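Worksheet: one structure, shown below.
For this chain, numbers begin at 1 and follow the sequence in order. Values below: all heavy atoms of this structure, side chains included; hydrogens, waters and symmetry mates excluded. Everything numeric here is computed off the predicted structure, so don't read it as measured data.
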Amino acid sequence: MSDVRLILGGAAALFVAGPALAQSVSETGSGSGQGARRVVIRPYIEATQILTADLGGGDVLTYTSLAAGVDAAVSTARINGQVSYRYERRFAYDDDIGDTDIHSGLARVEAQLTRNLSLEAGGIATRSRSDIRGAAPGVLVGNVSNIAQVYAVYGGPNFAAQAGDVALNANYRLGYTKVETPTFGTAATGGQRLDYYDDSIGHTATASAGFRPGTLLPVGLTASAGFDRETAGQLSQRYQGYFGRGDAVLPVSPYVALTAGLGYERIETSQKDALVDAAGVPVLERDGRFRTAPGSPLRIAYRTDGLYYDAGVIWRPNRRTSVEARIGERYGSLSFTGTATYQASKDVGVAVNVYDGVQTFGRQLRTGLANLPTSFLAPNQGFAQQFNGCVFGATGAAPGGCLDDVFQSISTSSYRARGIDAVLVATRGRTTFGGGIGYANRRLFAPRGAPGLVVTGLEDESYYGQLYFARSLSSVSGINATAFVNYFDSQLGGGFVTAGDGGVWSYGATGTYYRNFGRLGTTASLGLYSFKVGDFDSDWSAQALLGARYQF
């Protein structure tokens, strides 16, 4: 039920403040003992001039961006965490520029309060693609369509204790997700209107007790249980689930073990009907969201209630390598899950993840956020994905995580999420390289026959690949470059920005040169980006950026 995953994959543009911040934290505490405080706080202000040109003969836009932000990190015996936040205000000369106020940030922290009790929290502010059928902006400058501002936070305590040979664990999480109304550049030219996600509050609690193989028995046993509930503001949507299961692990060699699990779960998602007019078209609120039909009862969108099982193998030939794969029966069909990690050194990490779970947008986003490392590299302030793609860790032990599967679109419906991510991250001397690929599939749920809804039983999917390269030319200068390609496809048909057959392609590349003069840092970036929807011609655009940042 609670699809706690190791989500690793992809690559993103990095800003020099990211690795410099992580290095400063390490250097501050070197040789000062285990309990030493290692804290770095770096507020800044920034001014940027941006030009974006439509290469198909369209508009050329120029505007100025003023921003203020902070990068902070802490690493002590009890607390590890990092915060990167930026507020940006855009000022146009002759043309209106959308998204004039932009918030972008990421925070992850873990605190050990006592020997048995710890706290964990995280938050994200970013912009993401809304309708999977529409435009797929990859470089978020100028007037971009089909984009919504997204916020999410979560937090809660963890309890871990040992009662003889039995390990006891429990945790609770409270989370909140908010999505603002998305931007659309043109009116609908085909397809039916999709609802806009609003907000949700989620509660998750889990507990487990177990012992390792060779302690009480030759086989290791674990019993676990959990509860998950999320309520969403739009159409009074609700997710509720309970589970209980037992797992066994039997070593068959020093490096290989067999594992199997049997459990019971009940998951139910529901929502009220949308109000429709005489033609069956949803009636909209002032913000563009569907209006709830007065007096509508909660109707079931998805339900599963019964036993599920899986079995697999665990292979751990050394401390650097771990592989686990499972196959079983879940959600009424065959289910595959697994993870594989390899840490060649402290600076090199490889990870693969195969996942399968019933999700909502808010739950999946908060789960992905929880799987990000507490020490990460902040993205470039110009053409980066602004935390809506992949986030890289500062070490090979925690290479980072990828949120592409969450942000392929913002779904207002519950869905079954399946896919695979793979990533390679490596740092050699002054050079850092990252590469990732992934596939994500959603099967959407809604009450059958619900008025105004078109998602019931339909699927959408995405494929993505990303490359990242960075090299420090000196102690005060360097370059970085990114390239990405995405493909989105959906059974929902025509969308708001365009219509036609086929999916949506998005691809591009960016390059950045930076040089620092004491507290003043300067940046120059170039970008080339294109997207293609259905049968329509590709839309190409170029971008240029000059910026200066003063760091206090």
I'd like to know if the side chain of [X] reaches the main chain of [Y], judged simply by a donor and an acceptor atom lying under 3.5 Å from each other, with no hydrogens or angles considered.
X: N353; Y: D421; result: no
X: R108; Y: Q82; result: no
X: N80; Y: E110; result: no
X: R519; Y: F552; result: yes
X: Q149; Y: T126; result: yes
X: R442; Y: S409; result: yes
X: S84; Y: L106; result: no

Please step through side chain to side chain contact (heavy atoms under 4.5 Å, CB included) for the pair Y415 and V455, ending with a clear verdict.
CA-CA 10 Å; Y415 51 88; V455 304; over 6 Å; no

If we ignore angles and hydrogens, is there a donor and acceptor under 3.5 Å between the side chains of [X] and [Y]?
X: Y87; Y: D101; result: yes
X: Y439; Y: E461; result: yes
X: T431; Y: R471; result: yes
X: Q543; Y: S541; result: yes
X: T360; Y: E230; result: yes
X: R366; Y: T204; result: no
X: D404; Y: Q466; result: yes
X: Q359; Y: Y239; result: no

Inter-residue atom distance [X].[atom1] - [Y].[atom2], 0.5 Å rounding:
X: I50; Y: Y63; atom1: CD1; atom2: OH; result: 3.5 Å
X: S128; Y: I410; atom1: OG; atom2: CD1; result: 4.5 Å
X: Q551; Y: I45; atom1: CD; atom2: CD1; result: 11.5 Å
X: S530; Y: D539; atom1: OG; atom2: CG; result: 6.5 Å
X: I102; Y: S65; atom1: CD1; atom2: OG; result: 7.0 Å
X: L403; Y: F387; atom1: CG; atom2: CZ; result: 10.5 Å

Among N480, T48, T510, T512, which one satisfies side-chain hydrogen bond (donor to acceptor under 3.5 Å, both in side chains) with S525?
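Going through the options one by one, the only one that passes is T512.
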
Over 12 non-hydrogen atoms of neighbours within 6.0 angstrom of CZ in R89:
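Yes.
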
Does E88 form a side chain to side chain contact (heavy atoms under 4.5 Å, CB included) with E46? I'd like the steps, not just the answer.
CA-CA 9 Å; E88 177 183 346; E46 182 180 290; over 6 Å; no

For [X] and [Y], work out which heavy atoms get closest and say how close.
X: A351; Y: T341; answer: CB-CG2, 4.1 Å
X: G521; Y: N516; answer: CA-OD1, 3.3 Å
X: L526; Y: A544; answer: CD2-CB, 3.8 Å
X: A152; Y: L369; answer: O-CD2, 4.1 Å
X: D405; Y: Y464; answer: N-OH, 4.2 Å
X: I132; Y: S490; answer: CG2-CB, 3.6 Å

Run the side chain to side chain contact (heavy atoms under 4.5 Å, CB included) test on T523 and R549 for me, step by step, so that the C-alpha distance in whole Å, both residues' side-chain angles and the decisive distance to 0.1 Å come before the verdict.
CA-CA 8 Å; T523 302; R549 171 184 292 191; over 6 Å; no

Is [Y] close to [X] at the side-chain level, that is, under 4.5 Å between some pair of heavy atoms?
X: T292; Y: Q271; answer: no
X: S506; Y: F484; answer: yes
X: P282; Y: D195; answer: no
X: V352; Y: I420; answer: yes
X: T181; Y: R289; answer: yes
X: L235; Y: T412; answer: no
X: Q49; Y: T62; answer: yes
X: Y468; Y: T432; answer: yes

Any chance you could lay out the side chain to side chain contact (heavy atoms under 4.5 Å, CB included) test for Q234 and F290, step after step, and finish with the verdict?
CA-CA 8 Å; Q234 191 59 13; F290 288 2; 3.7 Å; yes

Using 30° and 60° as the class boundaries, would you call the ring planes of Y487 and Y463 parallel, tilted or perpendicular?
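Because their plane-to-plane angle lies in the 30° to 60° range, the rings of Y487 and Y463 count as tilted.
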
So, K178 and D198, do they make that salt bridge, N to O below 4.0 Å?
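Yes.
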
Could you point out which residue of F407, Y151, F361 forms a ring pair (Phe, Tyr, Trp, His ring centres under 6.0 Å) with Y197?
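The passing option is F361.
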
